[in-house]
Amino acid sequence: MADVYSFGIMLMETFTKMKPIDDMFVGEFTMRRWVFESFPNAITQIVDVDLMNAVENNDRAEESCFRSIMGLALECTADFPEERLSAKDVLTRLKKIKIEFF
C-alpha cells in the first residue's frame with residue numbers, strides 16, 4: 001500500500017510539475033489537498049501548462065483524461081491504507097485510461 005501511495009504522489013508530481021516539498025505546501029495544505037480541492041472541476045488549472053499545450057486532442061477529451069489520472073492519484077493517496085486501491089486495481093485503471101484516451 002505504501003508503493004501505491006508513492007505512485008499516486010508521483011502521478012501528481014508528473015502532471016502538475018510540483019513536488020510535495022514545494023514552498024506552497026505548508027502545514028495542513030498538502031499536495032494531495034491541493035489536488036483534491038481542484039478535483040474535478042478545476043483540474044486543468046493545476047495541470048502543468050506545458051503538458052496541456054502538448055496534447056493535441058480536443059479540450060473536453062484532454063480535461064477528461066487529466067481528471068481520470070488525477071482521480072486515480074487521489075485514490076492511491078487515500079489517508080488510510082485500506083482505502084487505497086491495490087496495485088492490481090491501479091494497473092487495471094491505467095489500462096482503461098490508456099484505451100479510452102490513447
Side-chain angles (χ1 to χ4, degrees):
M1 290 292 133
D3 290 341
V4 169
Y5 182 89
S6 297
F7 181 72
I9 293 297
M10 185 196 67
L11 284 175
M12 291 179 194
E13 289 178 331
T14 301
F15 284 87
T16 65
K17 212 175 196 177
M18 301 289 283
K19 294 181 179 7
I21 58 170
D22 285 348
D23 292 339
M24 72 179 278
F25 304 121
V26 180
E28 295 293 315
F29 189 67
T30 63
M31 174 179 256
R32 184 185 193 284
R33 185 170 180 184
W34 177 59
V35 171
F36 179 79
E37 290 177 358
S38 300
F39 188 81
N41 297 325
I43 207 69
T44 57
Q45 294 176 1
I46 65 167
V47 172
D48 176 33
V49 173
D50 294 332
L51 187 57
M52 292 286 292
N53 292 336
V55 178
E56 295 181 11
N57 290 339
N58 67 48
D59 290 340
R60 285 195 184 274
E62 177 180 299
E63 184 175 341
S64 184
C65 178
F66 292 136
R67 191 179 301 118
S68 295
I69 291 168
M70 296 310 260
L72 176 60
L74 288 170
E75 288 185 72
C76 289
T77 57
D79 290 332
F80 300 105
E82 59 272 5
E83 294 176 351
R84 296 177 196 148
L85 297 172
S86 69
K88 184 177 179 179
D89 291 338
V90 171
L91 181 59
T92 300
R93 293 275 300 280
L94 284 172
K95 286 179 179 180
K96 286 180 182 178
I97 291 169
K98 180 182 175 188
I99 290 167
E100 184 176 351
F101 297 104
F102 301 100

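Numbers here simply count residues along the sequence, with the first being 1.
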Looking only at heavy atoms, which two atoms of [X] and [Y] are closest? And how far apart?
X	Y	answer
F29	M24	CD2-O, 3.3 Å
F101	A61	CE2-O, 3.5 Å
E63	N41	OE2-O, 4.2 Å
M70	F15	SD-CB, 4.1 Å
A73	G8	CB-O, 3.6 Å
V4	C76	O-CB, 3.3 Å

- Task: Report the C-alpha separation of T77 and M31 in whole Å, then their side-chain angles, then the decisive distance to 0.1 Å, and conclude whether the side chain to side chain contact (heavy atoms under 4.5 Å, CB included) test is met.
- Result: CA-CA 10 Å; T77 57; M31 174 179 256; over 6 Å; no
Between [atom1] on residue [X] and [atom2] on residue [Y], distance to nearest 0.5 Å:
X	Y	atom1	atom2	value
I69	K98	CD1	NZ	12.5 Å
T30	I9	OG1	CD1	7.5 Å
L72	M12	CG	CE	9.5 Å
T16	F66	OG1	CZ	11.5 Å
L91	K95	CG	NZ	4.5 Å
E13	I21	CD	CD1	8.5 Å

- Message: Determine whether a donor-acceptor pair (N or O, by modelled atom type, separation under 3.5 Å) exists between the side chain of S64 and the backbone of R60.
- Response: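 No.
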- Hey, does the side chain of R32 reach the backbone of L74 with a donor-acceptor pair shorter than 3.5 angstrom?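 A pair under 3.5 Å: yes.
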- Query: Is there a path of hydrophobic side-chain contacts, each under 4.5 Å between heavy atoms of I, L, V, M, F, W or Y residues, that connects F102 with V90?
  - Reply: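 Yes; V90 is reachable from F102 via cluster members.
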- Could you check if a side-chain atom of D89 sits within less than 4.5 angstrom of a side-chain atom of E75, using non-hydrogen atoms only?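 Not in contact.
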- Message: Show, in sequence, the C-alpha distance, side-chain angles and deciding distance for W34 and D22, and conclude whether the side chain to side chain contact (heavy atoms under 4.5 Å, CB included) test is met.
- Response: CA-CA 12 Å; W34 177 59; D22 285 348; over 6 Å; no
- Whether over 12 other heavy atoms sit under 6.0 Å from E82 CD: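 Enclosed: over 12 neighbouring heavy atoms sit under 6.0 Å from CD of E82.
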- Task: Kindly check if the number of other-residue, nucleotide or ligand heavy atoms within 6.0 Å of CD (Q45) is above 12?
- Result: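 At most 12 heavy atoms, drawn from other residues, nucleotides or ligands, come within 6.0 Å of this atom.
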